[in-house]
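Not measured: the values here are computed from a predicted model. Numbers here are sequence positions counted from 1.
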Amino acid sequence: QVQLVESGGGLVQPGGSLRLSCAASGGDFSISSAAAGWYRQAPGKQRELVATISSWGTTNYGYSVNNRFTISRDNTNNTVYLQMNGLKPEDTAVYYCNAHHYVDFRLYDYWGQGTQVTVSS
């Protein structure tokens with residue numbers, strides 16, 4: 001059973017920074033062979049893409065976070081990170097980690113439990 005555990009959320013002032021971590025564990029799952037990403041959901045809004053990273057290392061960002069957030073992956077520690085700089089109140093949301101891969105043409109999709117990020121003065 002693969003588990004994704006997020007950490008690093010919290011309360012930060014506008015303009016501040018946070019780094020979220022997503023540690024994968026279970027079975028023989030390796031983050032290096034999966035696509036991974038961060039999504040967020042604010043109260044009353046739909047879940048939206050924040051950033052993704054492919055198994056080849058190609059990154060993609062949501063328009064609202066481009067040039068402020070950076071997604072990265074540590075294959076040794078089986079962990080995906082989201083470095084968030086220049087945080088704004090509108091970045092307040094629950095942030096979820098996702099990882100997915102194909103085994104024998106079957107999609108395996110995993111989600112973490114979420115971590116709260118609150119940007120407020």
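- Between the side chains of Arg19 and Thr70, no donor N or O sits under 3.5 Å from an acceptor N or O.
- In this structure the side chain of Trp38 reaches within 4.5 angstrom of the side chain of Cys97, judged on heavy atoms.
- Crowding of Glu90 atom CD: a count of heavy atoms from other residues, nucleotides or ligands under 6.0 Å exceeding 12.
- A 4.5 Å side-chain heavy-atom check between Ser7 and Ser21 finds at least one atom pair inside the cut-off.
- Judged by a 6.0 Å distance limit and a 45° cone about the ring axis, Arg47 is positioned over the six-membered ring of Trp111.
- Ile31 and Val103 end up in the same hydrophobic cluster when Ile, Leu, Val, Met, Phe, Trp and Tyr side chains are linked at under 4.5 Å.
- When atom types are taken as modelled, the side chain of Asn78 and the backbone of Ala23 share no donor-acceptor pair closer than 3.5 angstrom.
- Side-chain contact between Tyr110 and Asn98: absent, with no pair of heavy atoms (C-beta onward) separated by less than 4.5 Å.
- Checked by atom type, the side-chain pair Thr118/Ser120 shows no donor-acceptor distance below 3.5 Å.
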query = Can you check side-chain contact (heavy atoms from CB on, under 4.5 Å) on Tyr81 and Arg73, steps first, answer last?
reply = CA-CA 6 Å; Tyr81 300 99; Arg73 184 176 61 215; over 6 Å; no
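- Smallest separation of non-hydrogen atoms from Leu20 and Gly9: CD2-N, 3.6 Å.
- Hydrophobic clustering (side-chain heavy atoms under 4.5 Å, transitive across Ile, Leu, Val, Met, Phe, Trp, Tyr) keeps Tyr39 apart from Val65.
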task = Check the pair Ser17 / Gln83 against side-chain contact (heavy atoms from CB on, under 4.5 Å), numbers first and verdict last.
result = CA-CA 8 Å; Ser17 298; Gln83 178 66 44; 4.0 Å; yes
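- Formation of a donor-acceptor pair under 3.5 Å by the Thr92 side chain with backbone atoms of Val119 is found in this model.
- In this structure, CG in Asn77 is found 12.5 Å from OG in Ser25, a value given to the nearest 0.5 Å.
- What you find for Gln41 and Lys45 is that their closest heavy atoms are NE2-O, 3.1 Å.
- Between the Asp74 side chain and the Thr76 main chain, a donor and an acceptor come within less than 3.5 Å of each other.
- At least one side-chain heavy atom of Val50 sits under 4.5 Å from a side-chain heavy atom of Tyr95.
- No more than 12 heavy atoms of other residues, nucleotides or ligands shown are found within 6.0 angstrom of CD on Gln3.
- Clustering ILVMFWY residues whenever any of their side-chain heavy atoms sit less than 4.5 angstrom apart, transitively, puts Ile53 in a cluster other than the one holding Tyr63.
- Side chain of Arg40 to main chain of Gln116: no donor-acceptor pair is present (N/O by atom type, distance under 3.5 Å, no hydrogens or angles).
- In the hydrophobic cluster analysis, where Ile, Leu, Val, Met, Phe, Trp and Tyr join through side-chain heavy atoms closer than 4.5 angstrom, Leu49 is grouped together with Val94.
- Side chains of Tyr96 and Thr115 form no contact here, defined as non-hydrogen atoms less than 4.5 Å apart.
- Side-chain polar atoms of Arg68 and Asn66 form no donor-acceptor pair below 3.5 angstrom.
- The backbone N or O of Gln113 sits less than 3.5 Å from a side-chain atom of Glu6, completing a donor-acceptor pair.
- Clustering ILVMFWY residues whenever any of their side-chain heavy atoms sit less than 4.5 angstrom apart, transitively, puts Leu82 in the very cluster that holds Leu18.
- Between the side chain of Thr58 and the backbone N or O of Trp56 there is no donor-acceptor pair closer than 3.5 Å.
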side-chain contact (heavy atoms from CB on, under 4.5 Å) between Met84 and Val117, worked out = CA-CA 10 Å; Met84 306 185 293; Val117 172; 3.9 Å; yes
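- Ser55 approaches Ser33 most closely through the heavy-atom pair CB-C, 4.0 Å.
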request  = In sequence, state the C-alpha distance, the side-chain angles, and the governing distance for Ile71 and Val80, and then conclude on side-chain contact (heavy atoms from CB on, under 4.5 Å).
outcome  = CA-CA 7 Å; Ile71 188 171; Val80 178; 4.0 Å; yes
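- The aromatic ring centroids of Phe29 and Tyr108 lie 6.0 Å or more from each other.
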